[in-house]
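Please read the structure below before turning to the comments.
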Amino acid sequence: MARHPQYSQHYQVGGTSGGRSGGQYSQSRSGRGGGGTGGYHGQQQPQQQQQPRQAPAVSAVVEQFSGLGVEVSVPAQPAPPQPSVVAPPASSKALRFPLRPGRGQTGVKCIVKVNHFFAELPDKDLHHYDVTITPEVTSRGVNRAVMEQLVKLHRDSSLGHRLPVYDGRKSLYTAGPLPFHYKDFQVSLPEEDDGCGTPRRDRQFKVVIKFAARADLHHLGQFLAGRQADAPQEALQVLDIVLRELPTHRYSPVGRSFYSPDLGRRQPLGDGLESWRGFYQSIRPTQMGLSLNIDMSSTAFIEPLPVVDFVGKLLNKDISRPLSDADRIKIKKALRGVKVEVTHRGTMRRKYRISGLTSQPTQELMFPVDDRGTMKSVMEYFRDTYHYTIRSPSLPCLQVGNQERPNYLPMEVCKIVEGQRYTKRLNERQVTALLKVTCQRPRERELDILQTVYHNAYNQDPYAQEFGIRISDRLALVEARILPAPWLKYHETGREKDCLPQDGTWNMMNKKMVDGGTVNYWACVNFSRTVQDNIARGFCNDLAQMCLISGMAFAAEPIIPVHAARPDQVERALKSVYREVQSKVKGKELELLIAILPDNNGSLYGDLKRICETDLGLVSQCCLTKHVFKRGKQYLANVALKINVKVGGRNTVLVDALSRRLPLVSDTPTIIFGADVTHPHPGEDSSPSIAAVVASQDWPEVTKYAGLVCAQAHRQELIQDLYKTWVDPQKGTMNGGMIRELLISFRSASGYKPGRIIFYRDGVSEGQFYQVLLHELDAIRKACASLEPNYQPLVTFVVVQKRHHTRLFANDHDDTRTTDKSGNILPGTVVDSKICHPTEFDFYLCSHAGIQGTSRPAHYHVLWDENKFTADGLQSLTNSLCYTYARCTRSVSIVPPAYYAHLAAFRARFYMEPDASEAGSVHRNTAPRAGNRQDGSIRPLPALKDKVKKVMFYC
C-alpha cells in the first residue's frame, strides 16, 4: 500500500505522541506571553520562503542560523540568561569542541586506580618512509614477513643500524634518519617444503623505501600541555605502532588487541569454537600526558581441528550419513573464508582459503584434467596422484580458489589453521560461555592487567628502547568523586512516598507507582506446551495482583479465558484472540496482551512483537516459561514496571524534577533526546543499519520518552532521517524527519515549546566525532527552523561511549566506603581529571552498581554546548537521569534516553526481512518487511499503529 512520503522510512514510537500533523501547528506565535506554548508553523511553508533543500550543504547552516535566538518563557519562572545560538561550522577545520568548564566539585572525594600506565614522551627525531612492495599482496602477514626479512638482512648495513617499525601496509617509521632518501631492495621469502624432494621455490619481492616526512613530536607535547587544540594523530599513530610491533610478532593481532593460547587457558565455546585470552592496548593522550591503556580481553577462535571433526562438532551429529541441504548451508556459512592446510602431502602443509562447498558428495564429483575435456573423478585423482584412498566419500568437497578455476579438496585431507578469529555471529550458548570466561571480579582483573604489563616488559622491548619510549608499571592513581543518589518520588497513597536509593538499588515494597496506568481489557496467549492451563491462569492472577498492588488500575481477570496456541501459528492465534475480544467488548479494544513463551522460542518473540505493533496495534508483555513456573515476587514486580510504562503510566519521577531543581532542565522547557544506530551482526553483508531517536515528552518530569526508528544504509553511522525535505506536487516543499516529529510531539504532549535541547548520542567512536556532529547538529538546526522562523533552542550535544577499555578500581579493595558488595566502585563515581582529555569537556561516570565482573564506566564527551553546562551541572544531571530507567529499580550504566534508543533500534530489527536461509515456516505468507530491495535501496520499516506510538512499548 502506498504511504505518505513523510512516513516512508520512519515512524513514531513510545511516549505521549503529537497527535495530528500539519495544520494543527499553522497558527503563528502571539508574542512572549504564552508560557512557552506558542505554536510551530505548519509543515507547509509559504512559497516565497522556500529554498531548494534537496541536498543542503552543511555550510548553508551558517547563513541560515547565524544570530538566531530562542523566544520562550515559563509561567512563574524567570527566563535564564541565554547566550546567542552559534551556527554549526561548515567543516571540521572550523570546529572546536567545547573546552572543559573547570572540574566538578560535588560529591565525596576519593582515590581510584585506573588501568592507564603513564608513558614518557620520547625525545627522538621520528622519520616516516613510504614502502612499496611488488608484487602487491593484500596480506599484512606476508608484508610483515617481507619487511622482517629485509631488516634481518640489511639492518647493520643499508639501514644504518636502525630498527624500524612497520604498519603492515605502506608506512615505515624510524627513530632518526636512514642513510638514504630512496632505495630499493630485493627480498626473497622461501616457500614451504613439499616433502617430496622437489627443490623449494622462493617468492621474490621488490621493496622500495622512500622518505616521506618527519613525524613531529613537538606538537604532541604542545597538545598534551593544553597549548594546542588538535591532537597530532600521526605522532600518536607512530607511538602506537612502535608499542604494537613486538606483540604483533608474538601474538595474533585482532584490531587493537592481541591473543594467544599462551596467555591463558583455551576454553571450549561449543560448535568447533574456543576462546583465547588476550589483552587490549592503546596509547592515549590524557591530562597526565601520554598513557598506555591496557585491559584484559577474550574472543572466539576456530578450533584448529581436522575439518571433518569441526563439521561433526558444528552439526552435533554423525556425519557418515548423507547431509541435508540445511546441514550443507550451515557448514558453508561457518567455513567460508576459513584457512585450511592440507595433510595428505607429507610435510608440505600448503594453505588454502575456503570459498565454498560442492553441492555433490565427493564420490560424484568430476572435473576436467586437460584441455580436451577429459573428466576424472576426485576419488580417482587422489588415488592416482597421491596414493590416497578417500574414506568419507559421502561428504561434499571444500571449494578453494576462485569460481572460474575452482579446486576441490576432500574435507578429510584438510585441517583448520590455528589462530583464526571467528568473526561471524555467536549463538546464545557460545555468548554465555564467552562471558563466563571474560567475567572477572575487580581484584582479579587488576592483578591480570598488572601481570600482563609485567609479562610484556615494555622497558626491555627493543622497539620501545629504539624509540625512547618508557612505560610505567603502575596503575594510574586518580582523584574521583562519589555523587549522591537522587531522591525518587512515588505516589502519595503508598506507605513510602519517596525513596533514597542505596548503592544504586531500591525496591517497590511499600511504594506505589507515581502515575499508575489503567488496564481494563487484557488477554493471555500461552505458546508453551509445558505450561498447563491452570498454571497459566494462576500466573496471570498473580501478575494482575502485582500490578494492582504497585499502583495500577488493573482488571483482576482477563477479558477472555487463557488461549493456548502453537508457536508456529503465532499470527493465527493473535488475530483470533484480537477478534474474540473485539466481539465481546463492542466499542472497546484490547489494551494489553500477555504472552507465555517457551524458554527457547526462536523467531516467536520477534514475530509476536511485529504482528502486535505493526499489524494489530497492541502492546504486549512476553513472559518465559521458567518465570511462569517460579512466579517470583521480584520478577512480577519488574514485569509490572514494564507493563505500566507500556500502557502510558510513569513508575517514578525525580524529586528534583518536580521541585524544579534539575540543572539547566527545570528553568525552561527542555527536551532530552537519545540517539543510537545499531548495525547488522558480523557476517550479515548487506542488511540495513537501524537508527533510533527517542525524546522526552513530559516537562518538568522528563520521564516519558517517545521515539522514532528508520532503516538506513548498511553500516551507515550518521543518522540519515533526522531532518528531510521533499516536494509534494500540490503543496510544494515539505519538511519532516525524526527531530521535527519529536519536537511536534513534545509540544502536543506537554503544552510547551522546548527552549533547550540536550542530545545524548550513543555509539560514536572518536574517529567519527566531527562528521557525526556536523551532520546531526545541522539536521537539528534545520528541523527547528522548519517549525517556525527564528526558532533555535539552545543545543548541548553529548556522545555516550560504552565500548572503551578504561576501568576504575578501588584504591583499597577492602574499603567498604568506596566499594559495593561486588567489589566494584560505588555508583555515582565520576572522574574528570588526569585520564580525561587534555582540554575538552569529558568525564567517566560509573552510575550503576556492579552485579558480576568489573563495572565499565560510561564515557561522556561534550561535542557542542550552547547551554553552558558546568561540570557539576552535566555530571549530576546525567547521574540523576540514570535512576529514572523504567524497567527496573536500579540505576543503569548509561543515561536512559540513550538506553531507550538502543532498545527501540533493537526492536525494529524484528520488523525486517530475515535471511532467506534462516526463514522458517512462521515467516511464510507474511507481509514484506524492511530490508534491502533488489535494486539496492532500503525497504522502509512497516509503520507502527497509532496506539502503540504513544507509549514506551519498547521497554
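Numbers for residues simply follow the sequence, beginning at 1.
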Are Tyr883 and Pro827 side-chain neighbours, meaning at least one heavy-atom pair lies under 4.5 Å? yes

Between Phe769 and His861, does a ring-ring contact (aromatic ring centres under 6.0 Å, His included) hold up when you go through it step by step? CA-CA 10 Å; Phe769 278 6; His861 201 129; 5.2 Å; yes

Could you tell me whether Asp872 and Arg103 have a side-chain N and a carboxylate O separated by less than 4.0 Å? no

Run the side-chain hydrogen bond (donor to acceptor under 3.5 Å, both in side chains) check on Arg909 and Tyr911 step by step: do they pass? CA-CA 5 Å; Arg909 222 159 255 298; Tyr911 307 155; over 6 Å; no

Aromatic ring proximity Phe843/His837, centre distance under 6.0 Å: no

Quick check for you: to the nearest 0.5 Å, what is the distance between Gln801 atom CD and Ser765 atom OG? 7.5 Å

Once you round to the nearest 0.5 Å, how far does CZ of Arg227 lie from CD of Gln222? 4.5 Å

Residue among Phe97, Phe759, Tyr770 satisfying ring pair (Phe, Tyr, Trp, His ring centres under 6.0 Å) with Phe797: Phe759

For Asp698, is there an ion pair with Arg650 - N to carboxylate O distance below 4.0 angstrom? yes

Quick one, Val798 and Leu874 - any side-chain contact, counting heavy atoms below 4.5 Å? yes

With a 4.5 Å heavy-atom cut-off, do Pro897 and Ser696 have their side chains touching? no

With side chains defined as the heavy atoms from C-beta onward, is the minimum distance between Thr796 and Leu794 less than 4.5 Å? no

Any salt bridge between Glu613 and Lys947, counting N to O under 4.0 Å? no

Ionic contact status for Arg96 with Glu840, cut-off 4.0 Å: no

Can you confirm whether the side chains of Thr878 and Tyr760 place a donor and an acceptor under 3.5 Å from each other? yes

Between Lys489 and Glu701, is the salt bridge (Lys or Arg N to Asp or Glu O under 4.0 Å) condition met? List the steps. CA-CA 11 Å; Lys489 178 67 182 155; Glu701 298 91 346; over 6 Å; no

More than 12 heavy atoms from other groups under 6.0 Å of NE2 on His116: yes

Are Lys642 and Cys888 close enough, and set up right, to give a side-chain contact (heavy atoms from CB on, under 4.5 Å), and what steps lead you there? CA-CA 8 Å; Lys642 294 170 73 172; Cys888 59; over 6 Å; no

Ring geometry between Tyr954 and Tyr900 (parallel below 30°, tilted from 30 to 60°, perpendicular above 60°): tilted

When you look at Thr652 and Thr884, which way does the side-chain contact (heavy atoms from CB on, under 4.5 Å) test go after all the steps? CA-CA 7 Å; Thr652 187; Thr884 65; 5.6 Å; no

Would a 4.5 Å heavy-atom cut-off, applied to side chains only, mark Leu774 and Val772 as touching? no

Before giving the answer on salt bridge (Lys or Arg N to Asp or Glu O under 4.0 Å), spell out for Asp721 and Lys724 the whole-Å C-alpha distance, their side-chain angles and the decisive distance to 0.1 Å. CA-CA 6 Å; Asp721 267 10; Lys724 61 182 182 178; 3.6 Å; yes

Gln720 side chain to Leu718 backbone, donor-acceptor under 3.5 Å: yes

Lys834 and Glu479 ion-paired at < 4.0 Å: no

Please determine whether a side-chain nitrogen of the Lys or Arg among Glu788 and Arg747 lies less than 4.0 Å from a carboxylate oxygen of the Asp or Glu. no

Can you tell me how far CZ of Arg890 sits from NE2 of His848, rounded to the nearest 0.5 angstrom? 9.0 Å

Decide ring-ring contact (aromatic ring centres under 6.0 Å, His included) for Tyr752 and Phe746; before the verdict, give the C-alpha distance in whole Å, the side-chain angles of both, and the deciding distance to 0.1 Å. CA-CA 7 Å; Tyr752 293 105; Phe746 178 93; 7.6 Å; no

Can you tell if the side chain of Pro857 reaches within under 4.5 Å of the side chain of Thr829, non-hydrogen atoms only? no

Picking from Ser750, Ser745, Pro754, what satisfies side-chain contact (heavy atoms from CB on, under 4.5 Å) with Ile671? Pro754

Distance, nearest 0.5 Å, that separates CG of Leu941 from CG of Leu708: 11.5 Å

Under a plain distance cut-off of 3.5 Å, with no hydrogens placed, do Thr106 and Arg481 share a side-chain donor-acceptor pair? no

I'd like to know if the side chain of Asp842 pairs up with that of His859 as donor and acceptor (distance under 3.5 Å, no hydrogens or angles considered). yes

Can you list the steps and then say if His804 with Asn293 is a side-chain contact (heavy atoms from CB on, under 4.5 Å)? CA-CA 10 Å; His804 60 79; Asn293 181 202; over 6 Å; no

Counting distance only, does the side-chain N/O of Ser786 pair as donor-acceptor with the main-chain N or O of Ala783 below 3.5 Å? yes

Working note: Tyr860 + Phe841, criterion ring-ring contact (aromatic ring centres under 6.0 Å, His included); need CA distance, chi angles, decisive distance, verdict. CA-CA 8 Å; Tyr860 296 88; Phe841 188 3; over 10 Å; no

How long is the straight-line distance from CG of Leu845 back to CG of Leu483, given to the nearest 0.5 Å? 6.5 Å

When rounded to the nearest 0.5 angstrom, what distance separates SG in Cys710 from CD1 in Ile938? 10.0 Å

Is it true that the NZ or CZ of Arg756 lies under 6.0 Å from the centre of Trp699's six-membered ring and within 45 degrees of the ring axis? no

Among side-chain atoms of Ser659 and Arg661, is any donor-acceptor pair under 3.5 angstrom? yes

Check: Thr806 and Tyr844 side chains under 4.5 Å, non-hydrogen atoms: yes

Would you indicate whether the side-chain heavy atoms of Arg781 and Cys784 approach each other to under 4.5 Å? no

